[in-house]
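Taking it in order: structure first as structure tokens, then the write-up.
Chain naming here is simple, since letters A, B, ... match the order of the sequence lines and numbering starts at 1 in each.
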There are 2 protein chains.
Amino acid sequence: MDAKDRQIIWALQEEGRLSNQDLSERVSLSPSPCLRRVRLLEDSGVIRGYTAIVDEEAYGLPITAFVRIRLERHSKASVSAFEQKVRTLDAIQDCYVMTGEADYLLRVLVKSLKDYEQFVRNQLHNIEGVAAIDTSFAYGTVKRSTVFPKV
Amino acid sequence: MDAKDRQIIWALQEEGRLSNQDLSERVSLSPSPCLRRVRLLEDSGVIRGYTAIVDEEAYGLPITAFVRIRLERHSKASVSAFEQKVRTLDAIQDCYVMTGEADYLLRVLVKSLKDYEQFVRNQLHNIEGVAAIDTSFAYGTVKRSTVFPKV
DNA sequence: GACATATTGGCAGGTTCTGCCAATTTTTCG
DNA sequence: CGAAAAATTGGCAGAACCTGCCAATATGTC
């Protein structure tokens, strides 16, 4: 991955639907080698895909919760049961395995506090081996970037 | 925003570069009304943009840190100085204003622990009025979804 | 039930995509 | 240094796609 590939990546992180023609101009290439590089980045898994960025509130999910979770034990069975369940829960946007106090950090999107209560009661507490759940809500966002730091 | 709009959003969250033709097929519309709906969603700000999803590790940023930050005081000056600085720091991908112990939660991307140390020492500790910094690292990810919960 | 409004589908000219090949640039190695 | 090999680039052209316009259909209202 050279400087040109990084330029392509930044451009597509900023504007994921850039036409190949515009992209090629922006990175000072002609369309064909530009397209070839994009395909290579896609096929090699550097670019994993593309997505629309949607306003949570406008869509109807105004509440973002960050949930720290600790498991009682860390047996293979316990861990994989938890992770399996996480993958099936649509409200959970992200789940990271963490260092420190908590084992997991979730980012959860819900439409109301009532919904969040239901989610914790019916879904999270339902999972075997969850020892502790600690929620913080996001009042708002200062920054959400889709572009990686440049060099 | 009706059911069709939501279908369009889900499809574009899953596959942000879907051609209008394919998209229209997927949501059972002909291309023109489909495009019109997409443009409306874009112009009204529901769809805020599009982005390429890039593999952090393949790009060369294998370390994700979540940083909880507390300010000493919450005066307008103090808060806006902090938030201003956050916006200029490229390593900070996201910054949320939080309820609970911490005032802010950052998601930070760096290429090494050494880099992270530099980042904290030179950038974060440099900001006036930061009372406490508490970092947790992500070992890995269980799930990262780009699609909002359906219904 | 009739009118008004909103939404849809088809069409067509213009644009963009994308695979192929020759030309150019970069790298390798004697 | 210089020649051969490898990688990368640009141009081309047929195919696919975009997108604004208009008539037709569907939806909602009184």
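Under a 4.0 Å N-O distance rule, the pair B:Arg26/B:Glu15 qualifies as a salt bridge. Between B:Arg39 and B:Glu42 there is a salt bridge, since a side-chain N of the basic residue sits under 4.0 Å from a carboxylate O of the acidic one.
In this structure, A:Arg37 places its CZ atom 14 Å from P of D:dA7, rounding to the nearest Å. One can place CE of B:Met1 at 18 Å from C1' of C:dT7, the figure rounded to the nearest angstrom. When rounded to the nearest whole Å, the span between CD of A:Gln21 and P of D:dG10 equals 14 Å. One atom, CZ of A:Arg36, and another, P of D:dG10, lie 10 Å apart when rounded to the nearest Å. At whole-Å resolution of the value, CG in B:Leu29 and P in C:dT8 are 5 Å apart. If you take CG of B:Asp22 and P of D:dC17, they are 6 Å apart, rounded to a whole angstrom. Rounded to whole angstrom, the span from the CZ atom of B:Arg17 across to the C1' atom of C:dT18 amounts to 13 Å. B:Asn20 places its CG atom 14 Å from the C1' atom of C:dT15, with the value rounded to the nearest Å.
Side-chain proximity of A:Ser19 to D:dG10, C:dC17, D:dC17: nearest is C:dC17. The side chain of A:Leu35 has C:dT18 as its nearest neighbour among C:dG10, C:dT16, C:dT18.
With ring centers used as reference points, A:Phe66 lies 6.0 Å or more from B:Phe66.
Checking B:Leu18 against A:Lys4, the closest nucleotide of DNA chain D that is more toward the 5' end is the one next to A:Lys4. Both B:Pro33 and A:Pro31 lie near DNA chain C, and the one whose nearest nucleotide falls closer to the 5' end is B:Pro33.
The side-chain heavy atoms of A:Lys85 and A:Leu124, taken from C-beta on, include no pair separated by under 4.5 Å.
If you run side-chain hydrogen bond (donor to acceptor under 3.5 Å, both in side chains) between A:Asp103 and each of A:Arg68, A:Arg70, A:His74, only A:His74 comes through.
Within 4.0 Å (heavy atoms only), A:Ser32 reaches at least one base atom of the nucleic acid.
Between D:dT19 and B:Arg39, a contact under 4.0 Å exists linking OP1 or OP2 to a side-chain N or O.
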